[in-house]
Amino acid sequence: MPLVTTRQLLDEAAKGGYGVGAFNVNDMEQIQAIMEAAKETNSPVIIQASRGARKFAQDNYLYHLMLAAAELYPQIPLAMHLDHGNSFETCESAIKLGFTSVMMDGSLKPDGKTPATFEENVEVTKKVADYAHERGISVEGEIGVLGGIEDGHGAGGSGLDHVTDPDQAVEFAERTGVDSLAIAIGTSHGAYKFTKKPDGSVLKMDLLIAIHKRLPNTHLVMHGSSSVPKDLQDIINQYGGKLKETWGVPVEEIQLGIKNGVRKINVDTDNRLAITGAIRKVFVESPEKFDPRDYLTPARAAMQKVVAQRMTQFGQAGHAGDYTAISIADMAKGYANGTLVTKPLIAAK
Ligand code: G3H
Ligand code: 13P
Ligand code: ZN
């Protein structure tokens with residue numbers, strides 16, 4: 001199947017009542033792990049690259065690896081998504097390269113650190129949405145700011161510093177026309193999200209439900225959604241790592257989110273943990289080994305296991321064959337003739 005848009009994947013997920021994992025990649029082995037997991041579970045999938053990933057791998061390597069994935073797994077609907085675009089220019093360059101969807105994270109200024117004003121966010125996100133939709137490409141916006149910091153991206157601080165205001169979410173969706181909306185409900189990027197198993201005082205599922213009630217037709221996106229499982233932390237520490245005790249987002253909370261409008265779930269950290277644990281194990285148990293394949297093969301297998309598990313838990317497993325790809329040109333026509341224009345159905349407060 002050619003690369004498809006995230007909008008199509010999320011529309012289908014909404015019809016089927018499931019969520020779609022969006023997994024971050026930086027290299028070939030991570031793409032291979034995700035595609036094998038998708039094949040194993042028969043899942044549609046979103047593969048995403050951050051600005052840091054584009055810099056690390058270089059755009060052309062990334063794009064051609066994605067084309068290889070689409071060619072090798074014709075049965076899997078696959079979207080290629082830009083994670084946390086920081087400006088119109090970053091999104092434009094991703095679209096010109098061939099990404100089928102972009103996130104314009106206007107919740108932060110282009111420095112990727114300072115919270116932007118609501119008006120700044122609306123202005124840049126609408127500009128990206130207009131440009132992208134003319135070309136059939138889907139757009140994710142963000143309202144509210146996540147906690148933590150990844151590779152220079154993020155405001156730092158707690159996930160509770162800038163949670164999403166439901167009224168602003170409604171106005172933002174209406175004024176920008178985004179296809180999906182990332183909201184801040186207390187999660188953070190990275191491994192250190194919560195100091196104990198999160199309850200409603202730090203992970204605001206009630207806020208998510210309130211936003212979904214106001215915007216029942218808008219696909220919601222949960223960032224910072226790694227579960228940071230204890231067994232993956234333990235493997236790293238058992239083989240010489242020094243992770244401090246930490247908690248992620250429990251899978252059952254994500255599943256509650258999926259029942260309440262969450263269609264895209266971003267996971268990066270869990271895969272980083274799985275890869276690092278597997279490599280550390282080989283280094284400690286077989287210090288005589290020096291062929292990268294000796295540690296990259298178990299690392300790739302460890303990531304595949306996590307991704308396949310999440311695909312099953314999010315409900316996307318089994319849905320790869322439900323539909324055929326809508327071409328990017330037809331998506332563009334849909335935005336132009338109004339059939340794809342997101343008109344949020346706003347429910348009363
Ligand atoms: O947004 C966070 C993702 O985990 C990507 O992280 O910016 O370090 O590539 P990164
Ligand atoms: P995690 O750090 O929880 O995996 O979040 C990833 C993410 O939100 C990427 O945009
Ligand atoms: Zn994110």
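Remember, it's 1-based here, ligands and their atoms both numbered in the order they're listed.
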Between [Y] and [X], is the closest basic N to carboxylate O distance under 4.0 Å?
| X | Y | value |
| --- | --- | --- |
| Lys230 | Asp234 | yes |
| Asp322 | Lys15 | no |
| Glu92 | Lys96 | yes |
| Arg263 | Glu140 | no |
| Asp291 | Arg293 | yes |
| Lys197 | Glu252 | yes |

Between [X] and ligand 1, which part of the residue brings a heavy atom under 4.0 Å of the ligand: side chain, backbone, both or neither?
| X | value |
| --- | --- |
| Lys55 | neither |
| Asp83 | side chain |
| His84 | side chain |

Which of the numbered atoms in ligand 1 are under 4.0 angstrom from any heavy atom belonging to [X]?
| X | result |
| --- | --- |
| Asp268 | 3 (C), 4 (O), 5 (C), 6 (O) |
| Ser50 | 5 (C), 7 (O), 9 (O), 10 (P) |
| Asn24 | 3 (C), 5 (C) |

Exercise. Has Lys39 got its NZ or CZ under 6.0 Å from the middle of the six-membered ring of Tyr73, at an angle within 45 degrees of the ring axis?
Worked result: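 No, cation not above the ring by the 6.0 Å, 45° rule.
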Exercise. From Arg300 CZ over to Gln30 CD, what is the distance, rounded to the nearest 0.5 angstrom?
Worked result: 12.0 Å
Just distances here: any N/O of [X] and N/O of ligand 2 closer than 3.5 Å?
| X | value |
| --- | --- |
| Thr269 | yes |
| Val267 | no |
| Ser226 | yes |

Would you confirm whether the ring centroid of [Y] sits within less than 6.0 angstrom of the ring centroid of [X]?
| X | Y | result |
| --- | --- | --- |
| Tyr18 | His319 | yes |
| His84 | His189 | yes |
| Phe283 | Tyr295 | yes |

For this session: Take the Zn ion (ligand 3) as the vertex and measure to NE2 of His189 and NE2 of His84; round to 10°.
Result: 100°
Exercise. Quick one: does Arg51 get a heavy atom under 4.0 Å from ligand 1?
Worked result: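 The answer is no, since Arg51 has no heavy atom less than 4.0 Å from ligand 1.
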Exercise. Taking it one step at a time, do Leu3 and Tyr63 satisfy side-chain contact (heavy atoms from CB on, under 4.5 Å)?
Worked result: CA-CA 11 Å; Leu3 292 174; Tyr63 179 58; 4.3 Å; yes
Which ligand 2 atoms, with their elements, are less than 4.0 angstrom from a heavy-atom of [X]?
| X | value |
| --- | --- |
| Asn24 | 9 (C) |
| His223 | 8 (O), 10 (O) |
| His84 | 10 (O) |
| Gly224 | 1 (P), 3 (O), 5 (O), 7 (C), 8 (O) |

Exercise. Stepwise, does the side-chain contact (heavy atoms from CB on, under 4.5 Å) test hold for Glu171 with Val122?
Worked result: CA-CA 9 Å; Glu171 188 182 338; Val122 168; 5.9 Å; no
Exercise. Side chain or backbone of Ser225 under 4.0 Å from ligand 2, or both, or neither, by non-hydrogen atoms?
Worked result: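 Within the 4.0 Å criterion, Ser225 contacts ligand 2 through backbone atoms alone.
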Exercise. Hey, is Val249 touching ligand 2 through its side chain, its backbone, both or neither, going by heavy atoms under 4.0 Å?
Worked result: neither
Problem set entry | N/O separation below 3.5 Å, Asn26 to ligand 1 | no
Exercise. Which atom, counting only N, O or S, brings His223 closest to the Zn ion (ligand 3)?
Worked result: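 Nearest N/O/S atom of His223: ND1.
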Exercise. Lys193 near ligand 2, heavy-atom distance under 4.0 Å?
Worked result: yes
Seminar exercise, completed: Among Asp268, Val228, Asp83, Ile265, the residue with a heavy atom nearest to atom 9 (C) of ligand 2 is Asp83
